[in-house]
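Take a look at the structure below.
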Number of protein chains: 2
Amino acid sequence: MTSHRKARLVDVARDAGVSPATVSRAMAQPSLLALETLTRVRDSARRLGYLTDGTARALASGRSMTIGAIVPTLDSTIFARVLQSFQSTLAREGYQLLVASHEMSLAAETEAVRVLLARGVDGLMLVGAERSQETLRLLATSDVRVVLTWVGAPDFAAVTVDNEAAGRLVAEHLISLGHRRIGMVVGHLAFNDRQRARLAGVRQAMDQAGLALPDALVSEQALTMAGGRAGCARLLDLAERPTAVIGGIDLFAIGSVQEAQARGLSVPGELSVAGIDDIEFSASMMPALTTVRIPTAQIGQVAASTLLAEIGGQGRGEHTRLPIELVVRRSTAPT
Amino acid sequence: MTSHRKARLVDVARDAGVSPATVSRAMAQPSLLALETLTRVRDSARRLGYLTDGTARALASGRSMTIGAIVPTLDSTIFARVLQSFQSTLAREGYQLLVASHEMSLAAETEAVRVLLARGVDGLMLVGAERSQETLRLLATSDVRVVLTWVGAPDFAAVTVDNEAAGRLVAEHLISLGHRRIGMVVGHLAFNDRQRARLAGVRQAMDQAGLALPDALVSEQALTMAGGRAGCARLLDLAERPTAVIGGIDLFAIGSVQEAQARGLSVPGELSVAGIDDIEFSASMMPALTTVRIPTAQIGQVAASTLLAEIGGQGRGEHTRLPIELVVRRSTAPT
DNA sequence: ATTTCTTATGATAGCGCTTTCATCGAAGGT
DNA sequence: ACCTTCGATGAAAGCGCTATCATAAGAAAT
């Protein structure tokens, strides 16, 4: 609180009796300075309450030390978790996280990319592989490093998970239990390649077993528990109701269990239910949910490392596929 | 994709045959220009793929159009929700969100404040009123506008919720149902004034009813469902077990219900359980949870508006207290 | 006509930092 | 001793934009 106006680099330089360049070095590459000079500069800086002006630094150096992340929404266990680990890994390296959400709109994503690029982010985390032409153009024109999450694409580094396999895994599990008529509650498929892949995986397993997955047995819903309930309700109202329901996300499966129980159907006695994600709640609900474990926190952490490697110059578009695993619990049973 | 190097303001100016100042105006205050000039500049900008360099703009103008938010963690339904609405309100006004999390560490919060201030944020959202001296000093020295959430403090604008009243509300409800021995699972109280206030509220209600809340009946736990389970387990293991358990957050209450059920205790028959928050799941679990509704999304939205008003020069430290409400459902019953 | 506003645009000085490039003394090599 | 290398620092040119002030040309007022 020494002075009133914010201290600048030159103020510190004057106070310490060195040139601005030296102060700059003291802040950014201390190893270049003689120990004595360094301490003198640091003392002055502390005394004056000096904080490097990140804006000016970014302009002069060309690097903002800022990473952008564009997710569908922050209001989701899954993305929140990914962002948390992404952010903390980044922070450890001195990077800051700029977040934007697009609420499942392709156009909004494009706009977010434009804004973040204009902000001069050094890297960008995106979800999924579906992009507008305009977004791709923006990305190509700029020189930001990009890391995709969940689903990858050729020209970008990516940290993915085999969503198709996830769908296959649950479906095969259910089929092996003797289920023949299986329904699925899935998120809106437009601009959501994760859900599309999971559905495709379920389809594959069914096909392979010679079973059908008619459109009537697939219900698209908003990604909430209430959506899961509504979707399950639709499936249960069918003349030929399914003996098992797969939730494209755990939230759907949880909603489905609730709907079934509300109708007096026992799970898994009369209806088997399985999800994909393995969120915290799934393990401890009654009955505990059979699901596929997606290593969400790890996605964020690896995405951050990958992106930092890209920015650092090592790593050329590396793809990491994280393992997933079927977790059989109590919500599924033989027919 | 016209040129290879990134287009700058001067490039657009040259292309459009105007001065840099005019292009700057075209981007920031279009109303100052003649319509014809404006379109000409815009055409050039589009053709060259020009994006304003936010960094340079921030340096020259002194405003970064960036808001920082420091929360305990992103990985929480509650904060994720607040941030989602905060972010989308901000985005509508052209502001970008820079997030940081401190994982319940006072020192980490201070560091985050330092970093965000250095980044030149125009505003800052903080959670709770507990701050280190150093943080307060940093805030006072800089000229960022600040908005507090959940709990307010004299010198800052704030959007709060009466956490004490929330605790009181559930406790009174339970007391009115005839419960005399009530336990509480609460988050770690260090650097968490929200949980402290909720606990204090419960205490008040108990005191007023002439009841005691011995330390043994209060279990501090990490803010997860598993924490809720563990806390409830501790309370149920007591020689004199409580007839009702209050969760300092809904997650605790949910975990408590699970623990009770896992022990074969019926809820609310043998144990009443209530929470505070009203997260999505609470309404639809079995039994549906009695809780206090906290308007999370609204907190984010109002916090954003408040902060923007502060930045805009209107509004001097306004405090908004959002209403909360007891929601009685099926998890509580008379003794 | 002359003066006074307005409106649209230009010229240009920074914003606060980083980063060559240059300098200079001390250390190392022969 | 003499040249080279190295380590530590300084000088100063930007980074790409905004904002102030100045200017010019009409419009309005007298």
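No hydrogens, no waters, no symmetry mates; every other heavy atom, side chains included, goes into these values. In the text below, chain A, chain B and the rest are named by the order of the sequence lines, each starting its count at 1.
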Table please: side-chain donor-acceptor pairs of residues 53-60 of chain A below 3.5 Å, with sequence neighbours left out.
residue, atom, partner, partner atom, Å
A:Asp53, OD1, A:Thr55, N, 2.8
A:Asp53, OD1, A:Ala56, N, 3.0

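First and last contacting nucleotides of DNA chain D toward chain A (any atom under 4.0 angstrom from a heavy atom, 5' to 3' order): D:dA8 to D:dG16.
A distance-only check finds a donor-acceptor pair linking the side chain of B:Gln84 to the backbone of A:Leu74 [under 3.5 Å].
Scanning all heavy atoms of the two residues, the minimum distance from B:Leu116 to B:Gly68 falls at CD1-CA, 3.9 Å. Closest of all the heavy-atom pairs between A:Ile67 and A:Val121 is C-CG1, 4.2 Å. Contact detail for A:Glu130 and A:Glu109: the closest heavy-atom pair is O-OE1, 3.9 Å.
Annotation: the terminal axes of the helix from C:dA1-D:dT30 to C:dT30-D:dA1 meet at 30°, where each axis is the rotation carrying the C1' atoms of four end pairs onto the next four (5 pairs per end, rounded to 10°).
Heavy-atom distances under 4.0 Å link DNA chain D to A:Leu32, A:Leu33, A:Ala34, A:Thr37 of residues 30-40 of chain A, given in residue order.
No hydrogens or angles considered: nothing links the side chains of B:Ser85 and B:Ser88 as a donor-acceptor pair under 3.5 Å. Side-chain contact of A:Ser132 with A:Thr135: a donor-acceptor pair under 3.5 Å is present, judged by distance alone. For A:Ser101 and A:Thr73, the side-chain atoms include no donor-acceptor pair closer than 3.5 Å.
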Using a cut-off of 4.0 Å between protein heavy atoms and nucleotide atoms, how would you tag nucleotides 11-21 of chain C 5' to 3' with B, S and -? B--BBBBBBB-
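A heavy-atom distance below 4.5 Å is found between the side chains of A:Val113 and A:Ile70.
Remark: B:Phe191 engages B:His102 in a ring-ring contact (aromatic ring centres under 6.0 Å, His included) (not counting sequence neighbours).
A salt bridge links A:Asp75 to B:Arg81: one of the charged nitrogens lies within less than 4.0 Å of a carboxylate oxygen. Salt bridge B:Asp11/B:Arg8: present, at least one basic N to carboxylate O contact under 4.0 Å.
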